[in-house]
Amino acid sequence: MKKLTALVLALCMVFSLAACGGGGGSTTTTAPASGGSTTTTTPAASGSGTETAKPARGNVIWTFGTADTGGSMYPAGAAVSQCWTNSVQGMKCNTQTSTGSFQNVQDVASGEVDVAVATADVVLNGYNGTGKFADIGALNNIRVIGAVYTSVLSGVTLKSSGLKYIHDLQGKRVAVGPASSATENASIAAFNVMGITKDNTSLENLGLGDGADAVGDGILDAAFGFAGLPIGGQLNLAATKDIAVLDMTDDELNQVLANNAAYIKTKIPAGTYTGVDYDCQTFGVKCLIIVQDTADEDLIYDLCKAMNEGAADMAAGNALLKDMTDPSFLCTQMPIPLHPGAEKYYKEIGAM
C-alpha cells in the first residue's frame, strides 16, 4: 500500500510540473521546404518570451559596372568588389567593364547590373532625366550608397606641342573619352565656355588609355580623362614622354562651375605626373556607387559597413581611394538620395 501511495504522489508531481511549464526550454529548428535559410528559435529559460536569430543570408552574386581599364573607375570598382566579397557574408561581386558613367546609370536603373560607379554629375542628370538623359527620361529608381574618390578633369599633351591651356585646342585633334562617358561629358562642359565644338575641332571618342597612347604616338594633339588622380593612361604617357598638363583661366573655370551644379573647383598638383612641376586649375566631382532603390536594406547596410571598415586597407593598396578613409566623404554632398540601408548605417556611426 505504501508503494502504491508513493507512486501516485510521484505521478502527481510530474503532471503538476508539466502543467506549470517547469523545466528547461526546448529548441525548435524550422527549415523552409524550398531550400531557404534555416531559422533557429530558442525560448528563454525563464519563460520571458522567444528570441529569433537573424537568418543567415543566402549567396548573393552581383555584377559591378565600372569603365575602361585605362581610367580610375575600373580599379576602384575592383577594390570595392573584392572588399565586399571578402567581408560580407554570402556576397560574391564580379566587376564588368563599360563605357562609363552614362552606361552605368542606365544599366543600374534597368537591372542590367546590380551596382556601378558613376560621377555625381551624370548621376544627377540621370535621376532628373536631363542632359544626355533627356530622351530617356528620369531614372529616379537609382540611389547612392557611398562615394569612392573625386574625379578630376585632366588634359595632357606633349610638351613639344607648345599647348598650355585647354582653349588652345581649337582646331586640334583631341581624345575626349568613350562616347557618352563622364570624360566626354566633362570635356564638353569645359569646351562649351571656350567656343570649342565638333565643327571646329576633331573630337575623338577613345578610352583613357588609348587616348593617351595616341598622343604619345603623335596621332592626336591632346587627350582628356575625368578620373581620380593620377590617371593611369596619362601616368604611363608621362613615364615615356615629356608631357604638359593643360590649364584653365579663372574666368573659364568659374563659367564651368556656374553651369554645372555638381562640379567643384580643384587642381592638378605639381608632381602628379613626371616632369610637370606646376599646378593646373581644373574641376572635379565625386565618383559614386549606385544601386536600385529596391536593393535589400540589410545587405546595403552591410556593404556600407564593409566599405567604411575596409577603407584604410583599400587606400593602402590604391592611393586613389584615400578619400574613403574619411567616413563623411562616403555619405555627404550627394546629388540624389542615399539608399535607406546606407543612410541607416552612416547615421549610426555619426558620419552624417
Side-chain angles (χ1 to χ4, degrees), residues 63-68 70-74 77 96-145 147 151 153 155 166 169 174-208 210-211 223-227 255-264 283-295 333-339:
T63 300
F64 196 130
T66 58
D68 72 83
S72 302
M73 287 185 178
Y74 184 84
Q96 176 176 293
T97 58
S98 79
T99 58
S101 294
F102 184 71
Q103 178 184 341
N104 289 345
V105 170
Q106 293 179 81
D107 285 351
V108 168
S110 68
E112 184 71 22
V113 299
D114 304 287
V115 59
V117 188
T119 56
D121 54 332
V122 178
V123 170
L124 180 61
N125 285 342
Y127 185 80
N128 291 330
T130 56
K132 291 189 175 182
F133 294 89
D135 294 334
I136 299 171
L139 304 177
N140 50 26
N141 66 333
I142 57 174
R143 295 291 184 272
V144 177
I145 67 170
S151 280
L153 184 70
I166 294 176
L169 296 177
V174 184
V176 293
S180 299
S181 66
T183 294
E184 184 184 50
N185 200 52
S187 299
I188 297 302
F191 296 165
N192 282 343
V193 304
M194 303 173 191
I196 298 174
T197 69
K198 63 181 180 181
D199 295 324
N200 60 32
T201 303
S202 177
L203 306 181
E204 304 293 335
N205 289 121
L206 292 173
L208 277 59
D210 290 341
F224 282 87
F226 194 54
Q255 286 185 62
V256 171
L257 299 180
N259 294 338
N260 300 270
Y263 291 152
I264 57 175
F283 57 91
V285 70
K286 278 190 173 185
C287 195
L288 311 176
I289 299 179
I290 56 172
V291 297
Q292 278 196 9
D293 56 0
T294 55
Q333 295 180 308
M334 296 300 165
I336 69 169
L338 285 166
H339 186 282

Asks: Just jot down the side chain to side chain donor-acceptor pair (under 3.5 Å) partners of Thr130, sequence neighbours excluded, or say none.
Replies: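 With sequence neighbours excluded, Thr130 shows a side chain to side chain donor-acceptor pair (under 3.5 Å) to Asn125, given in chain and number order.
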Asks: Apply side chain to side chain contact (heavy atoms under 4.5 Å, CB included) to Gln333 and list each qualifying residue two or more places apart in sequence or on a separate chain.
Replies: Lys286
Asks: Taking all heavy atoms of Ala116 and all of Asn104, pick out the closest pair and write down the distance.
Replies: CB-CB, 3.6 Å
Asks: Please tell me if the side chains of Pro178 and Asn205 come closer than 4.5 Å, counting only heavy atoms from C-beta onward.
Replies: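 The answer is no, as the side chains (C-beta and beyond) never meet within the 4.5 Å cut-off.
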Asks: Please identify each residue that fulfils side chain to side chain donor-acceptor pair (under 3.5 Å) with Thr99, with sequence neighbours left out.
Replies: Gln103
Asks: State which residues pass side chain to side chain donor-acceptor pair (under 3.5 Å) with Gln255; sequence neighbours excluded, sorted by chain then number.
Replies: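 For Gln255, the residues satisfying side chain to side chain donor-acceptor pair (under 3.5 Å) (neighbours in sequence not counted) are Asp251.
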Asks: Going by heavy atoms in the side chains, are Ile145 and Leu338 under 4.5 Å from each other?
Replies: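 SC-SC contact between Ile145 and Leu338 ruled out.
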Asks: The criterion is ring pair (Phe, Tyr, Trp, His ring centres under 6.0 Å); which residues satisfy it with Phe283, sequence neighbours excluded?
Replies: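 Tyr263.
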Asks: With sequence neighbours excluded, tell me which residues meet side chain to side chain contact (heavy atoms under 4.5 Å, CB included) with Ser187.
Replies: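 Result, side chain to side chain contact (heavy atoms under 4.5 Å, CB included) vs Ser187: Leu153, Val176, Thr183, Phe191, Phe224.
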Asks: Do the non-hydrogen side-chain atoms of Val123 and Ile290 ever get within less than 4.5 Å of each other?
Replies: yes
Asks: Restricting to side chain to side chain donor-acceptor pair (under 3.5 Å), what partner residues turn up for Glu204, sequence neighbours left out?
Replies: Ser202
Asks: Ignoring hydrogens, what is the shortest heavy-atom contact between Leu288 and Ala147? Give both atom names and the distance.
Replies: CD2-CB, 3.8 Å
Asks: Checking Phe64 now: which residues fulfil ring pair (Phe, Tyr, Trp, His ring centres under 6.0 Å) with it, not counting sequence neighbours?
Replies: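 By the ring pair (Phe, Tyr, Trp, His ring centres under 6.0 Å) rule, Phe64 matches Trp84.
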Asks: Under 4.5 Å between any side-chain heavy atoms of Asp293 and Ile142, yes or no?
Replies: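 Not in contact.
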Asks: Considering only residues two or more places apart or on different chains, which pairs with a residue in residues 114-138 satisfy salt bridge (charged side-chain N to carboxylate O under 4.0 Å, His left out)?
Replies: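 Pairs touching residues 114-138 that pass the test: Lys132-Glu184.
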Asks: Can you check whether Ile196 reaches Leu169 side chain to side chain, under 4.5 Å on heavy atoms?
Replies: yes
Asks: Evaluate side chain to side chain contact (heavy atoms under 4.5 Å, CB included) for Val144 paired with Ile289, printing each intermediate quantity in order.
Replies: CA-CA 6 Å; Val144 177; Ile289 299 179; over 6 Å; no
Asks: For Gln106, what residues pass the side chain to side chain contact (heavy atoms under 4.5 Å, CB included) criterion, not counting sequence neighbours?
Replies: Phe102, Phe133, Ile136, Leu139
Asks: For Ala227, give me all partners under side chain to side chain contact (heavy atoms under 4.5 Å, CB included), at least two apart in sequence or on another chain.
Replies: Ser72, Leu208, Ile231
Asks: Considering all heavy atoms of both residues, which atom of Gly100 and which atom of Ala67 are nearest to each other, and what is their separation?
Replies: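 So the minimum-distance heavy-atom pair works out to CA-CB, 4.0 Å.
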Asks: Is the closest side-chain heavy-atom distance between Val105 and Tyr127 below 4.5 Å?
Replies: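 No, every pair of side-chain atoms sits at 4.5 Å or beyond.
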Asks: Measure the shortest side-chain to side-chain distance between Thr294 and Asn141 over non-hydrogen atoms and say whether it is less than 4.5 angstrom.
Replies: no
